[in-house]
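Hydrogens, waters and symmetry mates play no part in the numbers below; they use all other heavy atoms, side chains included. Below, chain A is the first sequence line, B the second, and so on; all start at residue 1. Quantities reported herein were computed from a predicted structural model and do not represent experimental measurements.
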Amino acid sequence: MALRFQNSLSRRKEVFEPLEAGKAGLYTCGPTIYNFAHIGNFRTYIFEDLLKRYLRFRGYEVTHVMNLTDVEDKIIRTCRETGQPLAAITGRYARAFFEDCETLGIDPADHYPAATEHIDDMVAIIRALREKGHTYEANGSIYFRLKSFPGYGRLSHMDLEQLAEGASGRVDSDEYETEDARDFALWKAWSEEDGEVYWETELGKGRPGWHIECSAMAMKYLGPSFDIHCGGVDNMFPHHENEIAQSECATGKPYVKYWLHSAHLVVENKKMSKSLGNFHTLRDLVEKGIDPLAIRWVLLATHYRQPNNFAFDAIDAANQSLSRIRDFRLRLAEVKGPGDDLAEACEACETAFTEALDDDLNISGGLAAVFDFIRDVNKRVDGGLIGADGAKNALALLDKLDSVTGVFAPPTEAEAPQDVIDRVMARQQARRDKDFARADALRDELLAEGWIIEDTPDGPRVKRT
RNA sequence: GGCGACAUGGCCAAAUUGGUAAGGCAGCGGCCUGCAAAGCCGCGUAUUCCCGGUUCGAGUCCGGGUGUCGCCUCCA
């Protein structure tokens, strides 16, 4: 079967056929860097990480662009409230964002363009739109005239007329300088509360609207038409819809071929909010001692279009699943001698994994294939049927699939220190002496210090709890 | 109010564009073990939210209802 994705444009699964064979241009909406990112944000970034890793696994040469929104209303407000310059705030949270990504094992993008470094590119697009009659000015700001783009609403499947009705009851049109409440700003004239945040350009003194940055930076690094654009569902309207409008009107070319949107994350089945006390940044969770890999597992293991429920029970389950995989690797590492090379089993696992992921990134099915493989191989290890070659092949397969999931890596803990090893050996001697009381006491003692002893036919195995 | 998504065993979560319910976690029994742990085997009667309909056959399609969530106000 071919690789296929659910395209938000058509609301159907479509076979992935990139604009250029063998390559994939990918743009993902990045963070607004005025605060620490929360796990809901990372749900989306993990989905995008899986997408990119899988595209590479399938042999595509991926160019991944993720923007950093570093000028925007909330950031400016923070500047005003704290008296700090814009760059101080965005610099700090950009660093935090990259640290968090590393903590979760998210592969870096090829480009992280920042909005403030691409003002000229935005101005160029706005100029093109103005020349083609898609804009108008009001009080120094420049707006996009929605009615000038007949295709508006194609992505979110919104009806323009209904939008107007919906807005009329809830939006005070007097607050808007626009001709039409649905029009959006391309360029915002400077106002006093913007403080030091402005650019002097041919469009006047001001700053860009939010939507224009993504169009400008996506097209700069990926071209006027590219393959995949991702983001959370909440960005579908109006952000992505506006991006399509301004981009296609400016270039006259189709903007994006495949739109993929991830569903939201809820925490303990409730919407994440500070008032409910279930609002978590990644840092909060790590400080509580939760293994980042378990967090990655939970964020990864639910299909991206399914609402993901982040619960501490789920973290526990994820930890168990992870240790099953780690234990499996430990067992394999101890296998010696001749026996089955597992070539068939490995191939069957990889095929099942690939077929699952090909189907719109069905990661649950992919993980199931791996667990089936683990059970199958464990059974044969029990039977003494596996050879060193087989163990090596199985480990190589896990490594290969880990390039997609990022959760199959071997444990990184250091070797047990000498005093632990000494006591393990002392326990062995006690067992040989049939002094089981002493043996068990030593085992309990080590367990309390975080070391688990497992007796195997080849002697004791020591691992971290 | 408008548009849309989702609703599967105790928990998490799949099901190839309809064919008779993966996988993980937890639990119970067994094998193995001095005892454990790990591993393996077995075990859940799942009204697949409810009510209708189409079909030889529906978790999968259609209609209605209920619930949760999202968007419609620059929140992934």
Could you state the CD1-C1' distance from A/I325 to B/rG23, rounded to the nearest angstrom? 12 Å
Quote, to the nearest angstrom, the C1' distance that separates B/rG2 from B/rG18. 33 Å
Do the side-chain N and O atoms of A/D360 and A/Y304 include a donor-acceptor pair separated by under 3.5 angstrom? yes
Say whether A/T69 and A/N67, considering side chains only, have a donor N or O and an acceptor N or O under 3.5 Å apart. yes
Ignoring the backbone of A/D372, work out which of B/rC11, B/rG23, B/rG39 is nearest its side chain. B/rG23
Base, sugar-phosphate, or nothing: which does A/R324 touch, judged by heavy atoms less than 4.0 Å apart? sugar-phosphate
Within the structure shown, what part of the strands sits under 4.0 Å from A/G40 by heavy-atom distance: base, sugar-phosphate, or nothing? base
Using a heavy-atom cut-off of under 4.0 Å over every strand shown, decide if A/A368 touches base, sugar-phosphate, or nothing. base
Mind checking side-chain contact (heavy atoms from CB on, under 4.5 Å) for A/H38 and listing every partner two or more places apart, or none if nothing turns up? A/N41, A/M272, A/F279
Counting the atoms with a prime plus P, OP1 and OP2 as sugar-phosphate, which does A/D327 contact under 4.0 Å by heavy atoms, base, sugar-phosphate, or nothing? sugar-phosphate
State whether A/K271 places a side-chain N or O below 4.0 Å from either non-bridging phosphate oxygen (OP1 or OP2) of B/rU68. no
Considering every strand and a 4.0 Å limit on heavy-atom distances, what is the contact class for A/H264: base, sugar-phosphate, or nothing? base
Considering only the C1' atoms, how many Å lie between B/rU16 and B/rC62, rounded to the nearest integer? 23 Å
Mind checking A/N378 for me? I need base, sugar-phosphate or nothing, with any heavy atom below 4.0 Å counting as a touch. sugar-phosphate
Rounded off to whole Å, could you give me the CG-to-P distance for the A/N242 and B/rU73 pair? 11 Å
Using the P atom as the reference point in each nucleotide, state the distance between B/rG52 and B/rU60 in Å, no decimals. 14 Å
Is the phosphate of B/rA14, meaning OP1 or OP2, less than 4.0 Å from a side-chain N or O of A/N362? no
Check the distance between B/rA26's P and A/F312's CZ and give it to me in whole angstrom. 19 Å
Counting any heavy atom closer than 4.0 Å, what does A/K434 reach on the DNA or RNA strands: base, sugar-phosphate only, or nothing? nothing
For B/rC6, what is the paired nucleotide under Watson-Crick or G-U wobble rules, both distances under 3.5 Å? B/rG67
Nearest-neighbour nucleotide for the A/M272 side chain, B/rC35, B/rG70, B/rA76 considered: B/rA76
Base, sugar-phosphate or nothing for A/R375? Non-hydrogen atoms, less than 4.0 Å. sugar-phosphate
Hey, does the side chain of A/T302 come within less than 4.0 Å of B/rA13's phosphate (OP1/OP2), counting only N and O? yes
Pick the closest RNA chain B nucleotide for A/R427 and for A/D359 by heavy atoms, then say which residue is nearer the 5' end. A/D359
Between CZ of A/F328 and P of B/rG23 the distance, given in whole Å, is 16 Å
When the C1' atoms of B/rA46 and B/rC12 are considered, how many whole Å apart are they? 16 Å
Just checking A/I363: base, sugar-phosphate only, or nothing, at a heavy-atom cut-off of under 4.0 Å? nothing
Hey, does A/H303 reach any base, or is it just sugar-phosphate, or nothing, if we go heavy atoms under 4.0 Å? sugar-phosphate
Paired with B/rA58: which nucleotide, if any, by Watson-Crick or G-U wobble criteria at under 3.5 Å for both distances? none
Checking B/rA14, B/rC40, B/rA76 against the side chain of A/Q306 (C-beta onward), the nearest is B/rA14
A/L330 near the nucleic acid: base, sugar-phosphate alone, or nothing, with a heavy-atom cut-off under 4.0 Å? nothing
So if I apply the side chain to side chain donor-acceptor pair (under 3.5 Å) rule between A/N7 and each of A/K13, A/R12, A/E14, which one comes out positive? A/E14
Listed nucleotide nearest any side-chain atom of A/F371, set B/rG4, B/rA76, B/rG24: B/rG24
Residue pair A/N235 / A/H261, side-chain donor-acceptor N/O under 3.5 Å: no
Could you say whether A/A369 or A/R461 is positioned toward the 5' end of RNA chain B, judged by the nucleotide with the nearest heavy atom to each? A/A369
Between B/rA13, B/rC35, B/rA38, which one does the side chain of A/K463 approach most closely? B/rA38
Is the shortest heavy-atom distance from the side chain of A/V123 to the side chain of A/I119 under 4.5 Å? yes
Check the distance between B/rA36's C1' and A/L446's CG and give it to me in whole angstrom. 14 Å
Between B/rG27 and B/rC11 - P atom distance, rounded Å: 15 Å
Is the count of non-hydrogen atoms from other residues, nucleotides or ligands lying under 6.0 Å from A/E102 atom CD greater than 12? no
Given B/rC75, B/rC25, B/rA76, which nucleotide is nearest the side-chain atoms of A/L265? B/rA76
Phosphate OP1/OP2 of B/rU17: any A/K13 side-chain N/O under 4.0 Å: no
Nearest-Å distance for atom pair CG/P, residues A/D455 and B/rU33: 12 Å
Determine the interatomic distance between P on B/rC71 and the same-named atom on B/rU55; round to the nearest Å. 41 Å
Under a plain distance cut-off of 3.5 Å, with no hydrogens placed, do A/D70 and A/Y34 share a side-chain donor-acceptor pair? no
Could you tell me whether the side chain of A/E248 and the main chain of A/Y255 form a donor-acceptor pair under 3.5 Å? yes
Please name the nucleotide paired to B/rC32 by Watson-Crick or G-U wobble geometry with both distances under 3.5 Å, or report none. none
Would you indicate which nucleotide in B/rC40, B/rG70, B/rC72 comes nearest to any side-chain atom of A/F237? B/rC72
Could you work out which one of B/rA13, B/rC35, B/rC25 sits closest to the side chain of A/S364? B/rA13
Applying a 4.0 Å non-hydrogen cut-off, can you work out what A/D316 is touching in the nucleic acid: base, sugar-phosphate, or nothing? nothing
Minimum-distance nucleotide (side-chain atoms of A/D440 versus B/rC6, B/rA76, B/rG34): B/rG34
Under a 3.5 Å cut-off for both distances, is B/rU47 Watson-Crick or wobble paired, and to whom? none
Indicate whether A/F436 forms a stack on B/rG34; treat it as stacked only if centroid distance is below 5.5 angstrom and interplanar angle below 30 degrees. yes
Would you say B/rC41 has OP1 or OP2 under 4.0 Å from some side-chain N or O of A/K379? yes
